[in-house]
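Shown next, in structure tokens, is the structure this report addresses.
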Amino acid sequence: MASCLRRYGRRLSVSICEKRELSTACEGKVIQQQQQQQQQQTAKLLNLCSAINQALHLALETDPRSYVFGEDVSFGGVFRCTTGLTERFGKNRVFNTPLCEQGIVGFGIGLAAMGNRAIAEIQFADYIYPAFDQIVNEAAKFRYRSGNQYDCGGLTIRAPYGAVGHGGHYHSQSPEAFFCHVPGIKVVIPRSPQQAKGLLLSCIRDPNPVVFFEPKWLYRLAVEEVPEHDYMLPLSEAEVIREGSDITLVGWGAQLSIMEQACTDAEKDGISCELIDLKTLIPWDKETVETSVRKTGRLLISHEAPVTGGFGAEISASIVERCFLRLEAPVARVCGLDTPFPLVFEPFYMPTKNKILDAIKSTVNY
Amino acid sequence: MAMRMRNVANHVKSRMGLLSVTNHGASFSSSTHIGKFLAISPPVRDFKNPDANFSKIATCRFESTKADSGRLGSQYSSIDSNQVLDFPGGKVAFTPEMKFLSESLKERIPCYRVLDDNGQLIEDSNFVGVSSEIARKIYSDMVTLQTMDTIFYEAQRQGRISFYVTAIGEEAINIASAAALTIDDLVVPQYREPGVLLWRGFTLQEFADQCFSNRGDSCKGRQMPAHYGSKKHNYFTVASTIASQLPHAVGAAYSLKMDGKDACAVTYFGDGGSSEGDFHAALNFAAVMEAPVIFICRNNGWAISTPISDQFRSDGVVVRGQAYGVRSIRVDGNDALAMYSAVYAARQMAISEHRPILVEALTYRVGHHTTSDDSTKYRSVDEIERWRLARDPVTRFQKWIENNGWWSSEAESELRSSVRKQLLNAIQVAERVEKPPVANIFSDVYDIPPSNLFEQEKWLREAIKRHPQDYPSVFPL
């Protein structure tokens, strides 16, 4: 971590909250076109929903043919991510939709097919399923099936995902795996405010339909310095956020902060952990993970979603294919249970720091 | 012979009579309550400035007539106009009398038609006139569509193409609706509307190329036959999924409105499609977003083998419009002139008033659902034949244009033999055109192929090299 800070010479602040520690972000790459603003860069302490709000303001500011819509977005949204947009850009560009996810995404596809940037909000990832047909059969195939005459690349679907402490079955889900099985869309999950702003702007401007899952747990609790200017972070590039030599850990979103705590604890026992933020789940950056596993010989994947059929399975299978002879131990997965997300039992369900730490040790001692 | 759509106005005769909107839906009792008809005077035709004609229509807002209080009072004996409640959604009169809205009106919504079964103009009909040129194009495109369907269907039976969808019986819906639109209006089809593409200039060769999935296929070999799409003709690519296109049309229409275009979106679907959730989503969104979109329902009586009595229990699709706040009309889909008029008027309203319009076109699916279906298994041959012969929309319109002196039997036989020849030729050519390259499997999944697709293409090509006998050799590598 320290070497990372030295390399980029930026002071980043760390915010510690009650139950989870947050990762400090190593600086992601800044795309060339923002270079002229680098002299005047200022940053502000922002939480995740403010960072997302800033990204949305910038997206609407820089493209007059961009729209934000979904349930309750007009007054600012149930998580306040869309605050101030209607006042600033008008109700023709930022508007409530009827309560109908298939309509929200279908409408967004039509808007995007006409060359607009359609930024749709699904109120909770738990409610994205009525739109699943529109996402899988329509958005993902729109360009391909038309022989590239049409596309809905301007479509971005944002949805809060993940455990929140009291969400139960329908306010805690991590459905990313369903979407990772769909060629034609991208799935992106940020780990922190600074990452979220840059990744969301990249998703909005990427010429492919993207599903952007926001870790709701971090909306208010994650606070870090976020540059105020317009910047984009690259998609399909994983980031090594902690260097190590004994084992590679791969995760995304809010789970990374738990994994980071496990890495810190493991270090006290002399285990050097390398931690990778995948960021884009499809198309995912196999090369970075493979390079790391070739170095460490061990892999551990952790996600909140249930373990069976979770995206960790894809990562495990691909890395075993590529690195079989290098591996010193089986690939470990520390994930949610194969149950619906239970309310009062959330502490039991979750892949905790200690579950991860145990798995790190048993993998290293295999 | 590309028709310049904008010049249509110059040719349209001034025959706009009464166009009206009534609030049928408020009439849940029986008899005597049809609202007042709002008459508008025929717009003056300014041939030098076609847009003047449109703007005159545009400024006539079609207002629903309001129910007079007497009528409402006749059903509820104890309504006091001072008894009004103020809930979210607006003021509403209340009544101590418990009365349920009937599940249906006493009579079905009447069906707008202007030509009778013999192609004779019905007395006192109002319709939008067409020039002889447009009428002849409507007719010959209907004949072309009918002939294309017959010949391509046969080609599938002969094993030359894998699959086909006919629109037999629905030629008037296809062509006449297309004729009432401009090229700037975006078409979002289901899969039984190739006539709209035909009207706009998609060539017979392009149709054949797509069905044969050859190198000229606009879908690059990826989709089943009859899944046409053409950006040049402003026609979204067909997908097999039912009704999923309806919300797309709404979003696209919203875009047209926001961009200030003099255009609307037009989307088609069947009676079966109206049962899908996307229909509900689309109509509701269209009304709330005030999107200029025309929903054209081809109610042809059958969703594969499912008759409409198994599809819904409402009076067809037209009555559903009001449930969403969408102005609607029921039209005889086999009457080309009525279809043309209704879509013409719908387009004016959609664009000038920023509102969706629902057009239910009643018709009959004369052909099988697709080449994978044998509809004699679930309906009588007599029924099919009756519709095919006695209720043929093509013949009906033919009679009308012949009576106007715009058509002759010489023109008829010349057209039919010419079209047939062109189609057979197109098929022969399409059959010989090279297939699309294997690389088309991997392109356009994303704008730029990701690394996993590079790897998979490499792996596939190695497999092809090692086992060429597993793969059809006609595809360029």
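Order of the sequence lines fixes the chain letters, A, B, ..., with proteins taken first and strands second; residue numbering starts at 1 for each chain. Computed from a predicted model, the values in this text were never measured in an experiment. We use all heavy atoms of the structure for the numbers below, so side chains are in, but hydrogens, waters and symmetry mates are not.
Of the listed residues (A/Lys141, A/Gln149, A/Arg143, A/Arg145), just one forms a side chain to side chain contact (heavy atoms under 4.5 Å, CB included) with B/Asp444, and that residue is A/Arg143.
Dense packing is recorded around OH of A/Tyr129, with more than 12 heavy atoms of other residues, nucleotides or ligands lying under 6.0 Å away. For B/Lys261, the NZ atom is loosely surrounded, since the number of other residues' heavy atoms within 6.0 Å does not exceed 12. Heavy-atom neighbours of A/Phe75 CZ from other residues, nucleotides or ligands within 6.0 Å: above the threshold of 12.
In this structure, B/Asp447 contributes its side chain and A/Asn208 its backbone to no donor-acceptor pair below 3.5 Å. Under a 3.5 Å cut-off, the side chain of A/Tyr144 and the backbone N or O of B/Phe442 do not form any donor-acceptor pair.
Contacts of A/Ser146 with chain B are made by both backbone and side-chain atoms, with heavy-atom separations under 4.5 Å. Residue contact with chain B, scored on non-hydrogen atoms closer than 4.5 Å, involves the backbone and the side chain of A/Ile104 alike. If you measure heavy-atom distances from B/Ser240 to chain A, you find no contacts under 4.5 Å at all. Only the side chain of B/Asp259 has a heavy atom closer than 4.5 Å to any heavy atom of chain A. At a 4.5 Å heavy-atom cutoff, the contact between B/Ser451 and chain A is made by side-chain atoms alone. With a 4.5 angstrom heavy-atom cutoff, B/Ile441 touches chain A via backbone and side-chain atoms both. When heavy atoms are compared at a cutoff of 4.5 Å, B/Tyr228 does not approach chain A at all. Proximity to chain B (any heavy atom under 4.5 Å) is shown, for A/Asp285, by neither the backbone nor the side chain. Heavy-atom distances place the side chain of B/Val288, and not its backbone, under 4.5 Å from chain A. For B/Ile448, no part lies under 4.5 angstrom from a heavy atom of chain A.
Taking each heavy atom of B/Pro247 and A/Gly103 in turn, the nearest pair found is CB-O, 4.5 Å. The nearest pair of heavy atoms linking A/Gln102 to B/Gly277 is NE2-C, 3.3 Å. In terms of heavy atoms, A/Gly106 sits closest to B/His248 at O-CD2, 3.4 Å. Residues A/Gly184 and B/Tyr446 approach most closely at N-OH, 3.2 Å, considering heavy atoms.
With respect to chain B, the highest number of heavy-atom pairs below 4.5 Å among A/Arg65, A/Glu287, A/Glu101 belongs to A/Arg65. Among B/Ser443, B/Ala249, B/Ser218, the residue with the largest count of heavy-atom pairs under 4.5 Å with chain A is B/Ser218. Interface check for chain A: of the options B/Ala253, B/Ala286, B/Ala265, B/Ser244, the most heavy-atom pairs under 4.5 Å are formed by B/Ser244. Comparing A/Asn96, A/Val105, A/Ile282, A/Asn116 by how many heavy-atom pairs each has under 4.5 Å with chain B, the most go to A/Asn116. Contact tally against chain A (heavy-atom pairs below 4.5 Å) for B/Lys220, B/His280, B/Gln223, B/Lys231: the top residue is B/Lys231.
Counting heavy atoms from C-beta on, the side chains of B/Asn452 and A/Trp284 never come closer than 4.5 Å. Proximity of B/Lys257 to A/Asn92: side-chain heavy atoms (C-beta onward) are nowhere separated by under 4.5 Å. Side-chain contact between A/Met114 and B/Leu186 is present, with heavy atoms from C-beta onward closer than 4.5 Å.
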Original post:
After noting the C-alpha distance and the side-chain angles of B/Met289 and A/Phe69, does the key distance pass the side chain to side chain contact (heavy atoms under 4.5 Å, CB included) rule?
Top reply: CA-CA 11 Å; B/Met289 306 308 168; A/Phe69 51 94; over 6 Å; no

Original post:
side chain to side chain donor-acceptor pair (under 3.5 Å) between B/Thr241 and A/Glu138: does it pass, once the steps are laid out?
Top reply: CA-CA 9 Å; B/Thr241 46; A/Glu138 307 298 313; 2.7 Å; yes

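Between the CZ atom in B/Phe236 and the CD1 atom in A/Ile109 there is a gap of 10.0 Å [rounded to 0.5 Å]. Rounding to the nearest 0.5 angstrom, the gap separating the CZ atom in A/Phe142 from the OG1 atom in B/Thr237 is 7.0 Å. Residue B/Glu455 holds its CD atom at 4.5 Å from CZ of A/Arg322, rounded to the nearest 0.5 Å. With values rounded to the nearest 0.5 angstrom, B/Glu276 atom CD is found 7.5 Å from A/Asp133 atom CG.
Between B/Tyr254 and A/Phe95, the ring planes lie tilted relative to each other; the angle falls in the 30° to 60° range.
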